Amino acid sequence: MPSVLPDGEPMPEDGSLPRHALEGAGERPLGFYLHVPYCATRCGYCDFNTYTASELVGKGGVLASRDNYADMVVEEIRLARKVLGEDPRPVRTVFVGGGTPTLLAAADLVRMLAAVRDEFGLAKDAEVTTEANPESVNPAYLAELRAGGFNRISFGMQSARQHVLKVLDRTHTPGRPEACVAEARAAGFDHVNLDLIYGTPGESDEDWRASLDAAVGAGPDHISAYALIVEEGTQLARRIRRGEVPMTDDDEHADRYLIADEVLAAAGYSWYEVSNWATTAAGRCLHNELYWRGADWWGAGPGAHSHVGGVRWWNVKHPGAYAAALASGRSPGAGREVLPPEDRRVERILLELRLREGCPLTLLHPAGLAAARRAAEEGLLDAASFASGQAVLTLRGRLLADAVVRDLVD
């Protein structure tokens, strides 16, 4: 089941923010994340805040059905306008995620986007993305999204091997994600991403290379490759505990990452974040860069998280509770925290170090700077970048990114 929400102070019923949250807002980009919590089936590895139809029966699902979901999100977008007041920033990025956003009618996704445009305006070059399950779209659906203002789409491919998809409980047919790339291009999408997962129990190096080759062959301009994390409480975790499938170890994950970087680099993809590669600078996911660079975003939908000016808050998780809050005129926020300067400094290091540009050494305390110097000497950080004042991970450093970060935040 989905992970629990963090602790925090209560959210005001009207959703208001401390006055300081919008100080200097004009210097930061603003994005919107719109969460669609519905899935046709639950994948065995998934720990996201998503629900199948059967999980909503008798638990407030009537208040939060797929048929009226877009209305609720539009209502929260209008609440965002009230809370942010005279904030003049046009929205730089919109990202619709889930769940499976494309279980909703294309007209619903377009209507949610239109609400953002009507309330805030979109930047001239705004990036507008939706995630999509390969089996939930067709050429007509994609054409409707494109006509409605979406210009980037991300398909969940995970693997090209049927036996790997079976372990993950993915229901799409091998080959369908690649076909979706062609359909999205034909519909006029500027940018297309394929998501891959490595380290699935039973996956071999050959399987992983086949998946990478299939993804590259489809011709997207962006590929994401994530190590499988087995979350407690998921069906996959229970299967591993019962000995039905083997646990993949860290060395195998490292080997798969090296294979990914080798294959993608040879095909013209450059890494710009530890788990993301693009063929051009324009192909990078700008919305995710908002997160990595600590910019502002409003997350609408059950369980969605937001961040504005050092204030982070999160919505109630269940769609029924979310619907009830909005219906009563209350913010759906469940709690919030005001990040002190030291926490914001640490988060900048954690996130910016994952980027190709790295993080400035000026963020580091003396102990962290000493650790960075050792990391550069050991080949974990790029020596030339270190000399110019930036901490930038090498390929070996990317494999050990979590450990490097732990040392640098001291």
Side-chain angles (χ1 to χ4, degrees), residues 29-36 70 73-74 77 90-158 160 172-196 214-224 264 267-270 272 276-290 297:
L30 174 65
F32 263 79
Y33 172 74
L34 310 178
H35 185 65
V36 178
V73 172
V74 168
I77 293 167
V91 171
R92 181 69 183 85
T93 67
V94 179
F95 194 104
V96 186
T100 306
T102 45
L103 284 180
L104 299 185
D108 285 342
L109 301 188
V110 170
R111 186 151 55 91
M112 294 180 339
L113 172 60
V116 175
R117 182 189 297 113
D118 293 345
E119 295 295 336
F120 289 87
L122 294 176
K124 183 178 179 180
D125 57 349
E127 175 192 270
V128 182
T129 306
T130 187
E131 294 179 333
N133 184 302
E135 302 291 354
S136 64
V137 298
N138 56 39
Y141 188 104
L142 294 170
E144 188 172 354
L145 287 180
R146 184 66 188 94
F150 286 83
N151 52 32
R152 186 176 185 277
I153 193 163
S154 178
F155 295 106
M157 178 178 177
Q158 280 70 53
H172 67 257
T173 304
R176 177 60 193 152
E178 299 94 304
C180 284
V181 174
E183 292 173 6
R185 293 294 193 198
F189 278 85
D190 299 326
H191 303 293
V192 182
N193 173 60
L194 288 176
D195 270 347
L196 296 173
V216 167
D221 61 339
H222 190 288
I223 293 177
S224 301
L264 294 175
Y269 293 81
S270 298
Y272 71 95
N276 291 273
W277 291 258
T279 56
T280 65
R284 294 165 65 149
C285 181
L286 298 181
H287 184 82
N288 283 343
E289 287 193 305
L290 292 188
W297 71 90

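Please read these numbers as outputs of a predicted model, since none were measured by experiment.
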Which value, rounded to the nearest 0.5 Å, describes the distance between [X] atom [atom1] and [Y] atom [atom2]?
X      : Y      : atom1 : atom2 : answer
Phe32  : Arg92  : CZ    : CZ    : 15.5 Å
Leu196 : Leu264 : CG    : CG    : 8.0 Å
Cys180 : Phe189 : SG    : CZ    : 11.0 Å
Glu144 : Asn138 : CD    : CG    : 10.0 Å
Glu127 : Arg284 : CD    : CZ    : 11.5 Å
Glu131 : Asn193 : CD    : CG    : 9.0 Å

Is [Y] close to [X] at the side-chain level, that is, under 4.5 Å between some pair of heavy atoms?
X      : Y      : answer
Asp108 : Arg111 : yes
Leu30  : Trp297 : no
Leu109 : Thr130 : yes
Val137 : Phe155 : yes
Asp190 : Arg146 : yes
Met112 : Val73  : yes
Leu290 : Thr93  : yes

Of all the heavy-atom pairs spanning [X] and [Y], show the shortest one and how long it is.
X      : Y      : value
Pro177 : Gly156 : CG-O, 4.4 Å
Val128 : Phe150 : CG1-CD2, 3.5 Å
Thr173 : Glu135 : N-OE2, 2.7 Å
Asn151 : Ala126 : ND2-O, 3.0 Å
Tyr269 : Asp221 : CE2-C, 4.0 Å
Pro220 : Ala215 : CD-O, 3.1 Å

ask   = side-chain contact (heavy atoms from CB on, under 4.5 Å) between His222 and Val192: does it pass, once the steps are laid out?
value = CA-CA 6 Å; His222 190 288; Val192 182; over 6 Å; no
message = With a 3.5 Å distance limit and no angle check, can you tell me whether Arg176 reaches the backbone of Pro134 through a side-chain donor-acceptor pair?
response = yes
ask   = Between the side chains of Asn276 and Ser224, is a donor N or O closer than 3.5 angstrom to an acceptor N or O?
value = yes
task = Go through the steps to decide whether Val36 and Thr100 satisfy the test side-chain contact (heavy atoms from CB on, under 4.5 Å), and finish with yes or no.
result = CA-CA 7 Å; Val36 178; Thr100 306; over 6 Å; no
ask   = Does the pair Trp277 and Tyr272 meet the rule for a side-chain contact (heavy atoms from CB on, under 4.5 Å), with working shown?
value = CA-CA 6 Å; Trp277 291 258; Tyr272 71 95; 5.8 Å; no
request  = Would you please test Arg152 and Phe95 for side-chain contact (heavy atoms from CB on, under 4.5 Å) and show each step?
outcome  = CA-CA 9 Å; Arg152 186 176 185 277; Phe95 194 104; 4.3 Å; yes
